*Asks:* 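I have a structure here, written as structure tokens, and I will follow up with some questions on it.
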There are 2 protein chains.
Amino acid sequence: MAIYMKIVTLKDIAEQLNISVTTVSKALKDYPDVSKKTKLQVRELAKTLNYKPNAFAVNLRTRESKTIGLIIPVIVHHFFSNVIKGIISQAEKKGYLVIILQSDESYELEKKQVELLLSQRVDGVIISLANGTAKYDHLNEIIAQDKPLVMFDKIAKIVKCSKIIIDDRKAAYTATKHLIDIGCKRIAHFRGALLPQNSIDRFLGYKKALLDNNLPYDPSLVYICECGDMSFEEGKKNAKQLLKDHDDVDGIFINTDLVAIGAMTEFQQMGVKIPEDISIVGFSNWFMSSVISPGLTTINQPGFEMGKAAFKQLFKEIKARKKGKSLEPKTIVLETDLITRASTKNTIS
Amino acid sequence: MAIYMKIVTLKDIAEQLNISVTTVSKALKDYPDVSKKTKLQVRELAKTLNYKPNAFAVNLRTRESKTIGLIIPVIVHHFFSNVIKGIISQAEKKGYLVIILQSDESYELEKKQVELLLSQRVDGVIISLANGTAKYDHLNEIIAQDKPLVMFDKIAKIVKCSKIIIDDRKAAYTATKHLIDIGCKRIAHFRGALLPQNSIDRFLGYKKALLDNNLPYDPSLVYICECGDMSFEEGKKNAKQLLKDHDDVDGIFINTDLVAIGAMTEFQQMGVKIPEDISIVGFSNWFMSSVISPGLTTINQPGFEMGKAAFKQLFKEIKARKKGKSLEPKTIVLETDLITRASTKNTIS
DNA sequence: TTATTAACCGAAAACGTTTTCGAAAATAAC
DNA sequence: GTTATTTTCGAAAACGTTTTCGGTTAATAA
């Protein structure tokens, strides 16, 4: 086994059997104009020689790569790694490979990576935008090349492509309403960065829930965190600041679980009791949130399902392109639900 | 921008400038035998036409794909997603793309995925073995094709390739010794599946630490968990069983953090106090372990660094191959350290 | 037996590059 | 003005497939 073997090609098989490359190719692809006998011979030899078609040659000829590109802001993240898993699991079923790139929340990198993927002639792209992305030329380039593009979670409404999202506004509304329902009167919000649509929508849902329930909206109760690599620290920082600024806050709706957990840690260190003093609701339902103490009430964001849906949609569009059709972009909204745990406690009933 | 543009090739540029494809190619690659003038013209036009080399054609011609394959058992896992991040970050610097496959701890899948990657003509493969993998023909096939192969974390010693590991035995010894040092007399072990080398090594480290310190090794104190998707549940299950079997255990060294957290959750529900009644040490240092309460003492396993090291080694070997050389396989052992938190408390001093 | 059809095979072009090698054009040397 | 040299270019082959189309042989029908 330690002998290096030459990589075998159709030509090698053809020569050994004294037939043409054409026939070998056809035999392996089960063309009708090859005799049963030769087909058998070819297949057998192909197997013993361990023939594997050269993907480049195939792709060059057929102009499809059976490969898709995936760009996400961060990999080490419960939600995103679940999405990856969902995408890969579906891709595998359809015989597609996935090239994964991490934009690190940087527009520049994201742009470069799109170029790379286009150069690689991937059959389609799935992307969740970086926080810093405000221009969309790179995405429009994908569309201009008539390549399917699917965005998920962090999307840009303006780009004309399919999108897999949750109803962030509604989910945030539900989360905030939950705080109101259990008796919170003064509810703060730790929001995400300014740009991404879902961060905006969650903020709007929060605001609407307040106003719908006759609670005043107070901008000084809204804290921003970039939700980058340092999310946990940002949660702590914001919590500390909140304690300085306000002593009457009894509930916080926080943009993402990791930040929420940072905040909880800080509160606990400062002697603030959760949920007795402050109730907290997170977002995303990281696994972690179920095992900390107290458990974190949060919105379940179905990462695995989003990944699956994203690939399925991409695949549909790839198939349509092959038939010369072009599907209308579709926006799929997945359901979320509130998961109630000990970080919010009904102080009324 | 909504106009679909034809994908531009060297030929297109050549025709527009009334020169040959050859010259265009050379101009773009800065060959010395092209005049400054034509170089400028070509480059300008290439830019305005947004030319991107067809990776297939390039790869077919140059026989290198600038792509590597990565196979890991699970993606949604703090350690592994950190490794991915480490690999991708390095690969990006060197202009390599990473195709990620998830073996789901299945040998069959892993084997298929290796075939796929070989068919894709990746320039190298990085792999962490599935628990179920006991045969290595598929790996030897990579080697036989003279393609660099680097294994990390879950390795097979017998396969002749570079490896990036930690000293599992030593780390486990350190973890167990810590329990002994703080006064534990009856120490259990939740070990991983039977096959993977690191699961074996951790067990051996545990055992050696006991014997070196005059504590009896009792096989009935060793519990097995598969450490698959249900790790948390397995931890709970084992904890429950342990309470039934033994009432004198005062410390546990657990194969991986997630299982440890499951066990801790179960213990807390059963009213067993940590660390007063039982001290617990985990393995891997999941982020989670720092935010739960009590914090989990654990062994830090440098995932990001392992990923970086794995790619660096692979890259070295790819470069060597290009020069016709063939490096000797190298085994790199990264340092681990014990992170002491509240789940183990010194009951002596 | 001959004409017709079906079964089987292969030559060749194409996909888009890279690279070798020889030729032409421009310049330099004499 | 001729020769030698340098600069610049392009034809062609190659990478390994797929697919079209025409050709040859064998089988069938007339």
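As the structure is a computational prediction, the values presented were derived from the model and not from experiment. Proteins come first, then strands; the chains are lettered A, B, ... in the order of their sequence lines, and each starts at number 1.
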*Asks:* In whole Å, I'd like the distance from the CG atom of B/Leu49 to the P atom of C/dG16.
*Replies:*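 So the two atoms are 15 Å apart, to the nearest Å.
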*Asks:* Please report the shortest heavy-atom distance between A/Val74 and A/Phe80, naming the atom on each side.
*Replies:*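 Smallest heavy-atom distance, with atoms named: O-CB, 3.3 Å.
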*Asks:* Specify the separation, in whole Å, of atom NZ of B/Lys37 and atom P of C/dA25.
*Replies:*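 Rounding to the nearest Å, NZ of B/Lys37 and P of C/dA25 are 15 Å apart.
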*Asks:* What integer distance in Å separates B/Lys52:NZ from C/dC15:P?
*Replies:*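 In whole Å, C/dC15 P and B/Lys52 NZ are 20 Å from each other.
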*Asks:* So does A/Tyr51 get a side-chain nitrogen or oxygen closer than 4.0 Å to the phosphate oxygens (OP1/OP2) of D/dT17?
*Replies:*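 Yes, such a contact exists.
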*Asks:* Can you tell me if B/Asn54 uses its side chain to pair, donor with acceptor, with the backbone of B/Phe56 under 3.5 Å?
*Replies:*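 Yes; judged by distance alone, with no hydrogens or angles, the pair exists.
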*Asks:* With a 4.5 Å limit on heavy-atom distance, are the side chains of A/His138 and A/Thr133 in contact?
*Replies:*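 A side-chain contact under 4.5 Å exists here.
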*Asks:* Classify A/Thr9 by what it touches in the nucleic acid, base, sugar-phosphate, or nothing, heavy-atom distance under 4.0 Å.
*Replies:*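 A/Thr9: backbone/sugar contact only, no base atoms under 4.0 Å.
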*Asks:* Please determine whether a side-chain nitrogen of the Lys or Arg among A/Glu141 and A/Lys111 lies less than 4.0 Å from a carboxylate oxygen of the Asp or Glu.
*Replies:*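 A/Lys111 and A/Glu141: not salt-bridged.
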*Asks:* Please lay out, stage by stage, how A/Cys161 and A/Met151 fare under the test side chain to side chain contact (heavy atoms under 4.5 Å, CB included).
*Replies:* CA-CA 7 Å; A/Cys161 68; A/Met151 303 180 48; 3.5 Å; yes
*Asks:* Return the minimal non-hydrogen interatomic distance between A/Lys39 and A/Asp30, and the atom names on each side.
*Replies:*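 Looking at all heavy atoms of both residues, the closest pair is NZ-OD1, 2.9 Å.
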*Asks:* Using five pairs at each end of the helix from C/dT1-D/dA30 to C/dC30-D/dG1 to define an axis, what is the angle between those two axes, to 10°?
*Replies:*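 That helix has its two terminal axes inclined by roughly 50°.
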*Asks:* Taking all non-hydrogen atoms of both residues into account, name the closest pair between B/Leu10 and B/Val24 and its distance.
*Replies:*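 It is CD2-CG1, 3.7 Å.
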*Asks:* So does A/Arg63 get a side-chain nitrogen or oxygen closer than 4.0 Å to the phosphate oxygens (OP1/OP2) of C/dA14?
*Replies:*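 No, outside the criterion.
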*Asks:* Where each residue is assigned the nucleotide of DNA chain C containing its nearest heavy atom, which of B/Tyr31 and B/Asn54 is assigned the position nearer the 5′ end?
*Replies:*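 Its nearest nucleotide lies further toward 5', so the answer is B/Asn54.
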*Asks:* Would you mind reading off the distance between A/Lys6 atom NZ and D/dC15 atom P, rounded to a whole angstrom?
*Replies:*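 In whole Å, D/dC15 P and A/Lys6 NZ are 9 Å from each other.
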*Asks:* Is any side-chain heavy atom of A/Tyr136 less than 4.5 Å from a side-chain heavy atom of A/Ile142?
*Replies:*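 With C-beta onward as the side chain, the pair stays apart.
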*Asks:* How long is the line joining CG of B/Leu60 and P of C/dT19, in whole Å?
*Replies:*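 Taking CG of B/Leu60 and P of C/dT19, I get 13 Å after rounding.
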*Asks:* Nucleotide by nucleotide, 5' to 3', does protein get under 4.0 Å of the base (B), only the sugar-phosphate (S), or neither (-) in nucleotides 8-13 of chain D, counting heavy atoms?
*Replies:* BBBBBB
*Asks:* When the distance from CG of A/Leu28 to P of D/dT17 is rounded to whole Å, what number comes out?
*Replies:*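 It is 9 Å, rounded to the nearest whole Å.
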*Asks:* Output the rounded distance in Å from CD1 (A/Ile13) to C1' (D/dG16).
*Replies:*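 Result: 12 Å.
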*Asks:* Within the supplied structure, the quantity of interest is the number of heavy atoms (other residues, nucleotides, ligands) at a distance under 6.0 Å from B/Lys52 NZ; does it exceed 12?
*Replies:*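 Yes, NZ of B/Lys52 has more than 12 neighbouring heavy atoms, counting only those of other groups under 6.0 Å.
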